[in-house]
Amino acid sequence: MTATTAKPRMRAGGRAARRSLRSTRDVTMLPGLTNRLPLCEVMEGAQVAQIDAASMDILENVGVVFRDSVALADWRRAGAKVVGERVYLDRGLVRGLIASIPSEITYHARNPANTVALGGRQAVFVPMTGAPYLRDLDDRRRNPTLADLAMFHKLSHMSPALHSTAHHIVEPYDHPISQRHLRITYSSMKHSDKMFMGMTTSPRNAEDVMEMCALLFGAEFLEHHAVTTGNCNGNSPLVWDETMLGAMRAFCRRNQPVLCSPFVLGGANTPASVPATVAQLNAEALSALAYTQVIRKGCPAIYGHYLSTVSMKSGAPMAGTPEISLMNFMIGQMARFYGVPWRTSSALGGAKTFDAQAGYESATTLSAVLHSGANYIWHSAGWNEAGMHCSVAKFVVDAEQCAMAYRMAEGPKWSDFDAALAAVADVGPGGHYLGHPHTQENFQTAYFMPELFDNNSIEQWVADGSKEITARALEHARKLLAEYQEPRLDLARNEALLDYIARREREIPAADALNQEY
């Protein structure tokens with residue numbers, strides 16, 4: 001074969017290789033986000049100090065109720081003033097305790113390539129959890145099953161900008177409440193090799209999650225590495241209950257991080273004032289963060305919250321309002337003031353379908369969250385109807401929005417600036433860049449090209465079937481699920497997990513109640 005005859009084949013092979021590359025979906029998880037956007041800080045230094053002082057006054061003079069005998073005994077030993085169930089926390093004690101919380105956390109995934117850092121400017125996107133309904137692949141609102149949960153875990157795995165599978169994205173109603181946490185945890189572990197969340201629906205459930213994590217990663221590994229996250233919600237105003245505190249102890253004793261999350265309904269369980277709401281929320285979060293260090297000094301913990309404002313017309317929670325964005329900016333400043341990682345929520349909305357309201361609410365919140373400097377960005381995909389349902393269509397569009405937000409937060413890329421600038425002289429006045437070598441080399445990466453937004457002409461859109469975003473998103477979700485390949489669990493560990501689940505399901509009565517004792 002001569003060089004002359006070989007040359008065209010090499011070109012054809014190159015074109016074929018490029019076509020193959022373009023047609024093969026890359027679902028490799030993006031690294032944890034390093035957010036290079038300017039932070040939006042709406043408080044001056046004196047106002048940060050004012051919020052801190054107000055929160056400390058609440059802790060010292062109003063106190064926080066801990067409805068848990070173990071926690072009350074722990075606080076007495078730590079030197080706090082305890083009167084009945086109310087704990088009064090000296091600001092010096094609080095500051096001393098939270099000083100031992102690590103400022104950064106490294107989350108170790110089953111696949112080491114999916115390990116991520118969190119804290120400082122490092123952030124992760126995590127899908128929504130807790131929906132009692134879903135809008136399915138036919139956009140039908142109904143009760144979810146374990147198969148539906150698995151579907152969402154698979155979609156999480158196939159979405160590069162989602163760094164976690166969370167846990168109960170939707171509630172699997174085909175399993176008893178008392179045993180549900182076992183199957184939810186296994187689904188998170190089985191269908192993806194990204195990090196995941198652990199159920200905290202009761203102290204015993206949390207202990208089961210810790211045992212399953214120990215089977216997957218090794219008990220000794222948990223002692224020195226974060227592998228999952230628990231969420232502990234406070235009952236605003238100023239109450240932490242036995243269920244959440246017991247679950248918190250289960251995680252902290254194993255050195256696993258928890259989100260210390262007051263549940264804020266602005267104007268209902270907080271004052272009707274943004275600064276005063278933040279002062280109360282800050283006191284609640286600090287009391288829980290401090291308790292994590294009473295449980296185990298040096299264990300990782302995350303300043304958390306759930307933010308919503310309440311409609312003064314109906315009492316319904318609202319999302320995407322200006323005050324929520326302002327509170328996110330303020331809470332970001334407070335978390336940085338204390339030097340701890342913090343969590344917020346991203347794609348929240350109250351819309352009943354995947355409509356314009358859903359898009360506006362989610363986009364408003366996501367933008368604010370990026371500029372607030374949040375680290376653990378939860379509820380980033382699927383949330384609708386105030387969290388009452390997870391929408392498949394919205395889930396995949398939200399995931400792409402996270403990818404777009406990721407690209408923006410990376411900041412401008414300067415690596416090819418000189419080469420791109422040289423193209424200006426090559427093309428000159430009146431020319432175009434479409435055929436220039438620099439464009440040919442960079443067209444796939446220079447600008448983000450959304451897969452789910454339609455930017456064609458109206459004529460092309462009509463020729464393609466006049467499909468609106470929901471139809472396109474559901475088609476995309478079906479394609480992702482058809483292309484999904486399970487990241488297989490190690491055989492021995494998989495068997496150990498299934499054996500543990502089978503034993504615990506024999507031990508836990510199949511009742512419609514939380515697993516509190518078994």
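Just so you know, these numbers use all the heavy atoms, side chains as well, and skip hydrogens, waters and symmetry mates. Since the structure is predicted, the reported quantities are computational estimates derived from the model, not experimental observations.
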(message) According to side chain to side chain donor-acceptor pair (under 3.5 Å), does anything in residues 62-71 pair up with another residue at least two apart or in another chain? List the pairs.
(response) D68-R249
(message) Around atom CZ of F221, are there more than 12 heavy atoms from other residues, nucleotides or ligands closer than 6.0 Å?
(response) yes
(message) Tell me if the CD atom of E507 is crowded by more than 12 foreign heavy atoms within 6.0 Å.
(response) yes
Identify whether the distance between the nearest side-chain nitrogen and carboxylate oxygen of [X] and [Y] falls below 4.0 Å.
X    : Y    : value
R91  : D57  : yes
E223 : R254 : no
R95  : E60  : no
D499 : R503 : no
R504 : E211 : no

Judged by modelled atom types alone, do [X] and [Y] share a side-chain donor-acceptor pair under 3.5 Å?
X    : Y    : value
D52  : N282 : no
Q179 : H175 : no
Y186 : N494 : yes
E284 : S236 : yes
N231 : S261 : yes
S192 : H153 : no

(request) Look at the side chain of R135 and the backbone N and O of C390, then say whether any donor-acceptor pair between them is shorter than 3.5 Å. (result) no
(request) Give a yes or no on whether the backbone of P112 and the side-chain of T115 come within a donor-acceptor separation of less than 3.5 Å. (result) yes
Would a 4.5 Å heavy-atom cut-off, applied to side chains only, mark [X] and [Y] as touching?
X    : Y    : value
M244 : T200 : yes
F152 : L134 : yes
L216 : C213 : no
L59  : Y88  : no
H163 : N114 : no
L307 : L281 : yes
L146 : Y173 : no
T228 : M195 : no

(message) Test side chain to side chain donor-acceptor pair (under 3.5 Å) on Q122 and T34; report intermediate values, then the result.
(response) CA-CA 5 Å; Q122 305 295 313; T34 300; 3.1 Å; yes
(request) Not counting sequence neighbours, which residues clear side-chain hydrogen bond (donor to acceptor under 3.5 Å, both in side chains) with T129? List them please. (result) none
(request) Sequence neighbours left out, what passes side-chain hydrogen bond (donor to acceptor under 3.5 Å, both in side chains) with N255? Give chain and number order. (result) none
(message) Which residues pass the side chain to side chain contact (heavy atoms under 4.5 Å, CB included) test with T270, not counting sequence neighbours?
(response) V264, T277, Q280
(message) If we check side-chain contact (heavy atoms from CB on, under 4.5 Å) with H168, which of these qualifies: H181, M199, R183, M197?
(response) M199
Shortest non-hydrogen contact from [X] toward [Y]:
X    : Y    : answer
S187 : A150 : OG-CA, 3.8 Å
M327 : T309 : CE-CG2, 4.0 Å
P487 : H157 : CG-CE1, 3.7 Å
G382 : D398 : N-OD2, 2.9 Å
S188 : A166 : OG-O, 3.4 Å
H389 : M128 : O-SD, 4.0 Å

Quick one: [atom1] on [X] to [atom2] on [Y], what's the gap to the nearest 0.5 Å?
X    : Y    : atom1 : atom2 : value
K190 : K154 : NZ    : NZ    : 8.5 Å
I508 : D208 : CD1   : CG    : 5.0 Å
T292 : I295 : OG1   : CD1   : 6.5 Å
K81  : R76  : NZ    : CZ    : 13.0 Å
N235 : N269 : CG    : CG    : 9.0 Å

(message) Could you go through K394 and E361, starting from their C-alpha distance and side-chain angles, then the distance that decides it, and tell me whether this counts as salt bridge (Lys or Arg N to Asp or Glu O under 4.0 Å)?
(response) CA-CA 12 Å; K394 188 171 186 291; E361 289 172 329; over 6 Å; no
Just list the side-chain donor-acceptor pairs under 3.5 Å for residues 98-109, sequence neighbours left out, or say none.
residue	atom	partner	partner atom	Å
S100	OG	L97	O	2.9
S100	OG	Q293	OE1	2.8
Y107	OH	T229	OG1	2.8

(request) Show your working on ring-ring contact (aromatic ring centres under 6.0 Å, His included) between Y291 and W240 and close with a plain yes or no. (result) CA-CA 11 Å; Y291 184 56; W240 292 93; 9.3 Å; no
(request) Flag this pair as yes if the NZ/CZ of R86 is under 6.0 angstrom from the six-membered ring centre of F66 and inside a 45 degree cone about the axis; otherwise no. (result) no
(request) Output, in order, the C-alpha distance, side-chain angles, deciding distance and verdict of side chain to side chain donor-acceptor pair (under 3.5 Å) for N328 and T344. (result) CA-CA 7 Å; N328 267 315; T344 189; 2.6 Å; yes
(message) Under the ring-ring contact (aromatic ring centres under 6.0 Å, His included) definition, can you give me all pairs with a residue in residues 241-278, not counting sequence neighbours?
(response) F263-Y306
(request) Please step through side-chain contact (heavy atoms from CB on, under 4.5 Å) for the pair L238 and V65, ending with a clear verdict. (result) CA-CA 6 Å; L238 301 166; V65 169; over 6 Å; no
(request) Determine the interplanar angle of the H379 and W383 rings, folded into 0 to 90°, and report it as parallel if under 30°, tilted if 30 to 60°, perpendicular if over 60°. (result) tilted
